[in-house]
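Atoms within each ligand, like the ligands themselves, are counted from 1 in listed order.
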Amino acid sequence: MSTIDRVGIVGAGFMGSGIAESAASAGIDVVLYEPELNPLTRSQERLRQSLERAVSRGKLTGEDAEALIGRISYTTALDDLDGAHAVIEAAVEDQTVKREIFQDLDTRLPDALFLASNTSSIPISELASSTKRPERVLGLHFFSPVTVMKLVEIVVALDTDPGAVAIAEEFTQSIGKQSIRSTDRAGFIVNMLLVPYLMAAVRMYEAGFASAEDIDTGMRLGCGHPMGPLALCDLIGLDVLCAVCDSLYDEFKQAEYASPPMLKRMVASGRHGKKTGYGFYRYEQHA
Ligand SMILES: NC(=O)c1ccc[n+]([C@@H]2O[C@H](COP(=O)([O-])OP(=O)(O)OC[C@H]3O[C@@H](n4cnc5c(N)ncnc54)[C@H](O)[C@@H]3O)[C@@H](O)[C@H]2O)c1
């Protein structure tokens, strides 16, 4: 068991729900916060479906699934995070929203061992600077879908204390993940390598070079990738991806990071990928 046996999670969307499930499946108590009730109800439903699948495949007993469900509490009251040993923020990718959250958490949880953000693109130093204890602020960048993907990038900002990093590493290991360390630069390790590749695929499609299916089949069967780049864009979420591109472009000013016009228009039209049922492909069931 790790030093952390009660964790707060802020934001119960796609990622927050997955982080909650992973932590609870490792025996950690989770408090999942959202300002509104609807996302919490959706998160509960998502968890139920995920556990039903695991039980039907024989990966989990019904009893263990119920125990896991019992370890997650859902709340719209930030006060309920009191007593959490650490908090992971996985709210919308908006700097103003996240800064407010960190400011609030800093005041409410003076003893938390770390305050982490799952941000894909916002500098951790920005979030740390909205607190009075920047030494315990760091990035914990999970990958999607969280319950399946083993990697977590631990983002070490300018003022992050090595002790907080060590506790975060121990925590990620305790929930069955492998961590790697990155400095606080847009894109960290994986997105800095992945995003130019995904955007090249979007530009190829935009230029009418090939169909989405053929681009994806090319990379799956030609390179052994488990998923093609456009299907991966849909899975990540085109809105999230656009925000990541913007921050990479803002940081490095290199054309390879700029959002292609088509991606921006798809986001503007509400085509956010699998989670809205429509992106480069259509999906019958929303994620
Ligand atoms: N989707 C991915 O593949 C992925 C991967 C790694 C990291 N991330 C990062 O994780 C974070 C969440 O992404 P997501 O894909 O889960 O998005 P999402 O849209 O599914 O979830 C975001 C949630 O934040 C909630 N929210 C909005 N304002 C809030 C507030 N003030 N307090 C608490 N919750 C609030 C929304 O209601 C929503 O449920 C983002 O920072 C994103 O960059 C996403």
Side-chain angles (χ1 to χ4, degrees), residues 8-22 30-47 50 74-81 84 87-105 108 115-124 126-127 130 138-155 172 177 179-180 182 186-192 194-195 198 227 229 231-248 267 270 272-277 279 286-287:
I9 296 175
V10 174
F14 193 51
M15 297 301 289
S17 302
I19 299 167
E21 183 177 344
S22 293
V30 176
V31 185
L32 193 46
Y33 163 81
E34 275 267 351
E36 305 287 334
L37 198 58
N38 275 350
L40 291 176
T41 313
R42 275 200 301 275
S43 176
Q44 255 171 316
E45 185 47 35
R46 200 177 270 152
L47 176 69
S50 164
Y74 298 82
T75 183
T76 54
L78 213 45
D79 284 349
D80 290 338
L81 292 180
V87 178
I88 301 167
E89 170 277 315
V92 277
E93 189 74 347
D94 178 314
Q95 193 161 310
T96 310
V97 172
K98 287 190 193 287
R99 280 184 65 97
E100 271 173 28
I101 291 171
F102 272 79
Q103 209 173 352
D104 238 338
L105 293 175
R108 283 165 187 278
L115 300 178
S117 176
N118 185 47
T119 179
S120 304
S121 59
I122 296 165
I124 299 300
E126 282 284 351
L127 304 178
S130 65
L138 46 83
L140 274 187
H141 188 233
F142 288 81
F143 286 77
S144 161
V146 178
T147 51
V148 176
M149 302 299 277
K150 284 271 174 225
L151 188 70
V152 179
E153 289 175 312
I154 297 190
V155 185
T172 52
K177 306 293 181 197
S179 64
I180 54 176
S182 164
F188 316 133
I189 296 169
V190 174
N191 275 343
M192 193 163 175
L194 178 66
V195 168
L198 295 181
M227 186 181 274
L232 183 54
C233 288
D234 276 357
L235 184 67
I236 293 170
L238 304 190
D239 53 336
V240 172
L241 206 47
C242 237
V244 177
C245 284
D246 288 348
S247 80
L248 277 164
V267 172
H272 293 182
K274 199 171 177 191
K275 66 185 167 188
T276 58
H286 291 195

Just to be sure I'm reading this right: ignoring hydrogens, which of [options] gets closest to [atom]? Compare them by their nearest heavy atoms.
atom	options	result
atom 3 (O) of ligand 1	S43, S144, S117	S144
atom 40 (C) of ligand 1	E93, Q95, E89, R46	E93
atom 12 (C) of ligand 1	G16, G11, A90	A90

For [atom], find the nearest protein heavy atom and state the residue, atom name and distance (0.1 Å precision).
atom	answer
atom 19 (O) of ligand 1	K275 NZ, 4.2 Å
atom 20 (O) of ligand 1	F14 N, 2.9 Å
atom 10 (O) of ligand 1	N118 ND2, 2.9 Å
atom 39 (O) of ligand 1	E34 OE2, 2.6 Å
atom 6 (C) of ligand 1	F142 O, 3.1 Å
atom 35 (C) of ligand 1	A91 CB, 3.6 Å
atom 13 (O) of ligand 1	M15 CG, 3.9 Å
atom 28 (N) of ligand 1	V92 CG2, 3.8 Å

So is [X] polar-close to ligand 1, meaning N/O to N/O under 3.5 Å?
X	answer
V10	no
Y33	no
P35	no

With heavy atoms under 4.0 Å as the rule, classify the contact between [X] and ligand 1 as side chain, backbone, both or neither.
X	result
I101	side chain
K98	side chain
S120	both
F143	neither
V97	side chain

Checking [Y] against [X]: is there a side-chain donor and acceptor pair closer than 3.5 Å?
X	Y	value
S179	E153	no
E34	T76	no
S117	E89	yes

Do [X] and [Y] come within less than 4.5 Å of each other through their side chains, counting heavy atoms only?
X	Y	result
Y33	I9	no
T172	L140	yes
K275	D239	yes

Ligand-residue contact atoms, ligand 1 with I236, heavy atoms, under 4.0 Å: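 Listed by number with element: 1 (N), 2 (C), 3 (O).
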
Atoms of ligand 1 close to G13 [distance to a heavy atom under 4.0 angstrom, numbered from 1]: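 Once the distances to G13 are compared, the set is 16 (O), 20 (O), 21 (O), 23 (C), 39 (O).
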
Lys/Arg-Asp/Glu bridge criterion (N-O < 4.0 Å) met for R108, D104: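 The answer is yes: the pair qualifies as a salt bridge.
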
Side-chain donor/acceptor of S50 to backbone N/O of R46, under 3.5 Å: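 Absent.
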
Non-hydrogen atom of E36 closer than 4.0 Å to ligand 1: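 Distance cut 4.0 Å: E36 fails for ligand 1.
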
Shortest non-hydrogen contact from S17 toward A12: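 So the two residues come closest at OG-O, 3.0 Å.
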
Heavy-atom protein neighbour under 4.0 angstrom from atom 17 (O) of ligand 1: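 No, no protein heavy atom sits under 4.0 Å from atom 17 (O) of ligand 1.
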
